[in-house]
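First up is the structure itself, then whatever we jot down about it.
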Amino acid sequence: MVNAITSAVLLGAAVVSANPVAYGPINKWGGGGSNLASSTSNGWGWGSSTASASSAGQTPFKFPLANGFPDLSPEALRQVEELAQGTLPDGPPVSHLQDGSVTVFELIAFNELFEVAFFSSLLANVTSGAYGFGIDSSILKDQVVAALTAVLAQEELHNLGANGILKNAGQDQIQPCEYVFPTASFDDAIALARTFTDVVLGTLQAGQFGLASDGDVGFVPLLGAVQGQEGEQNGFYRNLLGLIPSAAPFLTRSEPQFAFSALNQNFVVNGTCHGPANDKLFATLPVFGVLNVESKNISLEDQTLTFSVSTPSSESDVAAWKVTYINQQNVPVTESISNVHKSGDVATFDAYFPAKTNLNNALTIAAVTYGADSFASTADVAKATLFGPGLIEIN
Ligand SMILES: *[C@@H]1O[C@H](CO)[C@@H](O)[C@H](O)[C@H]1NC(C)=O
Ligand SMILES: *[C@@H]1O[C@H](CO)[C@@H](O)[C@H](O)[C@H]1NC(C)=O
Ligand SMILES: *[C@@H]1O[C@H](CO)[C@@H](O)[C@H](O)[C@H]1NC(C)=O
């Protein structure tokens, strides 16, 4: 059994992220998109070929939960609300959504189903003291179980809320897929929760922008309520990792394409998402090629990072692409690609990362982009992305 605090603190010092490999994406941009087994661990232990093999060999997580979720009886819903310490919003239903707003709630429902699956698996592992998930201190274990019990119920309500909004507006609801988790220890799972929550915190910003710009501004405060709630969760995960609770003054912006790509590249078992709403979401949002961050233990220094992707493109084609970094609320930073090497379909290359100069703490989203030397906005980056997101966490 590991001592969770000690090892979490050690891990906190070493937190790095890279985009792991699991099920290859359907790349709608023609830039790549097959599985790439990285031979190195990425610092979380969730990107190694072992982790990826475990994804391949792992029995996928399948719904429903024991309480029937996502189809809850009224009694089961009440029980979830009690565990969640609150209720679904009870205001009058809104009967129409703009098309863009439909996508916002579809993506939220899609993401929340993954989160329910993840926290359900994590809570079961911690409660049962599964290998790698034992917590020696009974006080800490009780705190973690209490927190995760509430989080699981709260994520169930986030999903039911988003799907309920879709239903009220006459839309199809997002159905669960099957999921795999690349984590095999408590520390890795918490580090992963911290990073995917950071992606969610960034994506909800884009959701608010989308709702406000297409005329469904009335839902913006609801997303703000969810965002704050996810931020509270993340303070706890960061604390467990030995990090201060609040990462940066302005958290990193993301875009729906990056969140959807990360979910499908890492957790969703390809081909297991069914139903008209899921089909519509896959037709609306691309799943980019996987961008592996090969550099490990990335610290707050100006440095050159190494990346890899799987692509049929030639070395000179790859050299013409760029790496673009999104961090906090700043204008994206675009850097040239150098030192390209191809081995089979795997292209390995370098790009400068001025982390210290730009104080790139918290989440940085890296993307391989084409066609421009600079981008005015994160949305412009997403439109020109071939591979990504590469997820880099500093402090
Ligand atoms: C990353 O840092 C941890 C903790 O300091 C260390 O154990 C590990 O070997 C480092 N990994 C790499 C690839 O440098
Ligand atoms: C995922 O499944 C789709 C069909 O459902 C297929 O077209 C695609 O090639 C698959 N991708 C991978 C990486 O297996
Ligand atoms: C729970 O434990 C199983 C078995 O070790 C593992 O495959 C799974 O990834 C764990 N769940 C999480 C969320 O880490």
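Order of listing sets the numbers, starting from 1, for every ligand and every atom in it. Counting begins at 1 with the first residue of the sequence.
Applying the ring-ring contact (aromatic ring centres under 6.0 Å, His included) criterion to F375, with sequence neighbours excluded, gives no partner residue. Not a single ring-ring contact (aromatic ring centres under 6.0 Å, His included) links F236 to another residue, sequence neighbours left out.
A side-chain donor from one of Q205 and Q329 sits under 3.5 Å from a side-chain acceptor of the other.
Interface atoms of ligand 3 facing T183, defined by a heavy-atom separation under 4.0 Å, are 6 (C), 8 (C), 9 (O), 10 (C), 12 (C), 13 (C), 14 (O).
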Derivation and outcome, ring-ring contact (aromatic ring centres under 6.0 Å, His included), residues F110 and F260 = CA-CA 9 Å; F110 189 88; F260 193 61; 5.1 Å; yes
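For the ligand labelled ligand 3, residue F186 lies outside the 4.0 Å heavy-atom shell.
No N or O atom of Y131 sits closer than 3.5 Å to an N or O atom of ligand 3.
Of the candidates V126, L192, L122, N125, the one placing a heavy atom closest to atom 1 (C) of ligand 3 is N125.
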